[in-house]
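First comes the structure, then the notes that go with it.
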Amino acid sequence: MTLDNIKEEILNSKNIIILTHEVPDGDAIGSSLAMYIGLKQLGKDVDIVIPKYSKTYSFLPCINKIKAEGKIENYDLAIALDCGDIKRLNGFSNYFENANCKISIDHHEANTMFADYNFVNPTAPACSQILITVLKALNIEITKDIGTCLLTGIITDTGGFKYQNVKPETFEFAAEILSKGVNVSEIYKKTLQTVSKEKFELRKRAINRIELLEEGKIAFTYITQEDEEQTNSEDHDGIVEIGRDIEGVEISIFLRQNDNNEYKISLRSNDYVNVSDICLLLGGGGHMRAAGGTITGVSFEKAKEKVISECKKHLHK
Ligand code: 5GP
Ligand code: MN
């Protein structure tokens, strides 16, 4: 069984690197830190490498252990968390490929099974939820710190237990974590409620530009590099959800300019459109109700047209 192999590989490794997806969200950071703390409990030599992350997550235990680069070329073991595709490993796929053994623990529907051992469960609402099972298999004690990281992942990837991906087990896991003394109210406030003034300014720009298309079934908005410079914020977390929350909207589209001719797409749906299918067509991936991708080599108008036209097709399928 994959879990047995994973357990054996972890127990037999000394130098381990933990990697996650680029522009890491609460589940990416939460699951990575939980794994880090757990492996330290086992006495492993662990590096957690994430070049850039939002300061929203600075309250998490061991966040200061995150490094911008690995310290050796060839780790005994590389673990990718919350990442469906090796191309999304923050530009660090070299550490992954050079490791003697490669493990992926994930919940993305379109996971490309890029590791030696892939422990992937697309029905889990968060990678952090899967991790509880892995940590327990390793006899790692779920401490308050580990619980704080895991619950952050679960809360952020379920929008605070409100998305369709929430399962009875999600509450069971959450209840178990809460029994360790984790402060759920703090996690909720820091990750889903409080926004910095800079982020608020960026959001205002995106909100002011929301266009409703297809009789209000599609919401579209965007952010440019200039917006980021002028507001001094690069934190787009949550912008795409604003469009989805408008009554009658099925698909919300958010385009963010990465580079002159490169746009990052974020899609969300409410009830019936599988946005992961749309993003796969555009070279990305994700989940049924939340997915993303990148469009390169085209102008803003072309990128906008391309993504809207794919969304329209899927709306009427
Ligand atoms: P977000 O819109 O928040 O960036 O991403 C939504 C979901 O889609 C997340 O689970 C994220 O990991 C996934 N996702 C976003 N961009 C990409 C991409 O370019 N490729 C793949 N495979 N998944 C993506
Ligand atoms: Mn996730």
Side-chain angles (χ1 to χ4, degrees), residues 19-35 50 52-54 56-57 80-91 93 104-114 118-132 149-159 163-166 170 191-192 206 219-223 234-244 251-258 262-269 273-296 303 307 311:
L19 300 164
T20 188
H21 70 76
E22 57 198 1
V23 199
D25 53 18
D27 190 30
I29 304 238
S31 54
S32 299
L33 288 171
M35 187 56 130
I50 307 175
K52 222 168 124 185
Y53 56 89
S54 160
T56 301
Y57 305 109
L81 295 167
D82 196 32
C83 185
D85 189 329
I86 192 165
K87 293 197 291 268
R88 301 199 70 225
L89 280 179
N90 268 317
S93 49
S104 155
I105 301 169
D106 183 40
H107 70 130
H108 287 88
E109 197 175 70
N111 187 297
T112 58
M113 301 293 176
F114 56 90
N118 299 283
F119 196 55
V120 179
N121 176 5
T123 66
C127 180
S128 296
Q129 184 177 307
I130 305 174
L131 216 58
I132 299 175
C149 298
L150 294 175
L151 197 58
T152 296
I154 293 173
I155 284 181
T156 52
D157 261 21
T158 59
Y163 295 159
Q164 287 169 1
N165 55 11
V166 173
T170 317
T191 59
L192 298 182
F220 172 87
T221 193
Y222 65 95
I223 284 293
E234 291 182 6
D235 193 344
H236 321 91
D237 251 14
I239 288 181
V240 66
E241 270 92 28
I242 300 171
R244 173 164 70 178
I251 308 176
S252 175
I253 307 170
F254 170 54
L255 277 195
R256 172 167 61 90
Q257 186 183 30
N258 262 347
E262 184 176 302
Y263 294 89
K264 181 87 189 75
I265 319 159
S266 279
L267 295 187
R268 298 291 184 269
S269 64
V273 173
N274 185 338
V275 286
S276 166
D277 285 350
I278 302 175
C279 288
L280 276 173
L281 289 170
L282 299 168
H287 313 284
M288 250 163 54
R289 303 280 172 257
T294 305
I295 298 188
T296 37
V307 62
C311 287

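We count ligands from 1, going down the list as the structure has it; atoms in each ligand are counted the same way. Quantities reported herein were computed from a predicted structural model and do not represent experimental measurements. Hydrogens, waters and symmetry mates play no part in the numbers below; they use all other heavy atoms, side chains included.
Counting heavy atoms from C-beta outward, L150 and I132 have side chains that approach closer than 4.5 Å. The side-chain heavy atoms of I223 and I239, taken from C-beta on, include a pair separated by under 4.5 Å. Between T296 and T294, some side-chain heavy-atom pair lies under the 4.5 Å cut-off. H21 places none of its side-chain heavy atoms less than 4.5 Å from the side chain of L81.
For a heavy-atom separation below 4.0 Å, the residues in contact with ligand 1 are R88, H108, K264, S266, R268, G284, G285, G286, H287, A290, A291, G292, G293.
The two residues D82 and A28 make their nearest non-hydrogen contact at OD2-N, 3.2 Å.
The ring pair (Phe, Tyr, Trp, His ring centres under 6.0 Å) check on H287 picks up H107, H108, with sequence neighbours excluded.
Angle NE2(H107) to the Mn ion (ligand 2) to OD2(D27): 90° [nearest 10 degrees]. Around the Mn ion (ligand 2), the angle linking D82 (OD1) with D157 (OD2) is 170°, rounded to 10 degrees.
Both the sub-6.0 Å distance and the 45° axial angle are not jointly satisfied by R88 relative to the ring of F114.
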